[in-house]
Amino acid sequence: MSAAVKKKALAAFLQQCLDPLPDAVLIDTHHNQLMRQARRLPWRKADAVTSLTRAEMDYWCAKDIHAMYVLEDEDRSSAYSHKRTLTVDRKRQAVADQIRVPAPDLMAVQWKREAAKDRYLPIGADEVAKLIAADEVFLAAHPITKQPRKKRGRSDHH
């Protein structure tokens with residue numbers, strides 16, 4: 001009988017060896033992290049340009065308001081307003097350029113969705129949708145955790 005038990009144990013062991021591993025076991029999180037990190041620097045560069053153009057726009061807007069109400073100088077106000085208008089176009093182009101940069105994480109994808117709500121951007125809704133879909137496919141194919149994070153609700157804390 002011990003020989004039969006050993007054969008059953010051996011057969012069970014061999015079956016386990018032949019069964020495919022669960023997907024979570026096969027994920028190379030380090031490789032995926034490196035793949036995402038490769039996208040991070042271009043994203044940060046594009047974000048820096050977008051932030052700078054937004055700051056420039058805010059600066060010229062503040063100068064315009066100051067000239068109009070504090071200095072009471074309509075000529076200066078008009079000049080500042082014109083400079084602000086030019087920076088609005090540059091800001092919109094910077095946002096469109098940033099949307100075209102591959103997203104390194106889900107927060108960047110969310111940023112793209114929010115930024116794309118500006119209907120005056122020089123990028124079409126179809127292109128934005130394709131870029132976001134490509135980002136989502138990439139991020140899904142390169143998870144950095146083996147198990148999906150549990151969504152925390154109120155019930156988890158009680």
Side-chain angles (χ1 to χ4, degrees), residues 13 15-70 76-158:
F13 172 75
Q15 187 58 44
Q16 269 188 324
C17 291
L18 297 174
D19 284 344
L21 292 171
D23 288 340
V25 173
L26 299 176
I27 293 173
D28 184 351
T29 56
H30 180 69
H31 169 76
N32 290 345
Q33 184 179 25
L34 294 174
M35 295 294 289
R36 287 179 177 218
Q37 282 177 351
R39 291 175 159 220
R40 194 160 287 125
L41 181 60
W43 179 260
R44 285 185 178 158
K45 286 181 179 181
D47 186 54
V49 172
T50 301
S51 295
L52 179 62
T53 58
R54 185 178 301 111
E56 286 175 334
M57 188 182 72
D58 291 344
Y59 172 78
W60 290 117
C61 182
K63 292 286 281 186
D64 177 20
I65 291 169
H66 181 263
M68 177 65 81
Y69 296 108
V70 176
R76 270 191 187 172
S77 174
S78 178
Y80 295 151
S81 180
H82 177 69
K83 287 183 179 185
R84 181 188 162 277
T85 301
L86 295 175
T87 60
V88 168
D89 293 337
R90 284 203 317 266
K91 183 196 91 99
R92 287 183 177 142
Q93 184 60 55
V95 169
D97 292 345
Q98 187 172 356
I99 289 172
R100 289 184 176 106
V101 173
D105 53 40
L106 291 174
M107 291 296 292
V109 172
Q110 185 59 34
W111 179 91
K112 288 183 180 191
R113 280 195 185 94
E114 290 299 315
K117 290 178 181 178
D118 180 351
R119 62 184 176 158
Y120 298 108
L121 291 178
I123 187 172
D126 290 344
E127 184 180 356
V128 171
K130 287 178 185 175
L131 291 165
I132 289 174
D135 288 333
E136 290 174 334
V137 166
F138 174 86
L139 294 173
H142 297 88
I144 54 175
T145 58
K146 291 192 179 200
Q147 297 293 329
R149 293 179 191 228
K150 294 179 182 178
K151 296 195 179 200
R152 292 185 179 165
R154 292 179 116 352
S155 61
D156 290 345
H157 300 291
H158 295 293

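The first residue of the sequence shown is numbered 1, and numbering continues consecutively from there. Reckoned from all heavy atoms, side chains included, excluding hydrogens, waters and symmetry mates.
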Exercise. Side-chain donor-acceptor pair under 3.5 Å between Gln93 and Asp89, yes or no?
Worked result: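 Not at all, the side chains of Gln93 and Asp89 share no donor-acceptor pair under 3.5 Å.
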For this session: Please determine, by modelled atom types, if Gln98 and Thr50 share a side-chain donor-acceptor pair under 3.5 angstrom.
Result: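 On atom types as modelled, these side chains qualify, holding a pair under 3.5 Å.
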Check whether any side-chain heavy atom of [X] lies under 4.5 Å from a side-chain heavy atom of [Y], and answer yes or no.
X	Y	result
Arg100	Glu127	yes
Met35	Phe138	yes
Trp111	Val95	yes
Ile99	Leu121	yes

What's the separation between atom [atom1] in [X] and atom [atom2] in [Y], rounded to the nearest 0.5 Å?
X	Y	atom1	atom2	value
Lys63	Arg84	NZ	CZ	15.5 Å
Leu139	Arg36	CG	CZ	4.5 Å
Lys112	Trp43	NZ	CH2	5.0 Å
Ser51	Lys91	OG	NZ	10.5 Å
Leu52	Asp47	CG	CG	11.0 Å
Tyr59	Thr87	OH	OG1	11.5 Å

Exercise. Should we count CZ of Arg76 as having more than 12 external heavy atoms under 6.0 Å?
Worked result: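 Incorrect, the count does not exceed 12.
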So which atom in [X] and which in [Y] form the shortest heavy-atom distance, rounded to 0.1 Å?
X	Y	answer
Ala103	Asp135	N-OD1, 3.1 Å
Pro104	Ala108	CD-CB, 3.6 Å
Thr53	Ala94	OG1-CB, 3.8 Å

For this session: Determine yes or no for a side-chain-to-main-chain donor-acceptor pair under 3.5 angstrom, with Asp64 supplying the side chain and Tyr80 the backbone.
Result: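 Such a contact is absent between Asp64 side chain and Tyr80 backbone.
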For this session: Hey, can you tell me if His31 and His142 have their rings parallel, tilted or perpendicular (30° and 60° cut-offs)?
Result: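 Geometry flag for His142 against His31: tilted rings.
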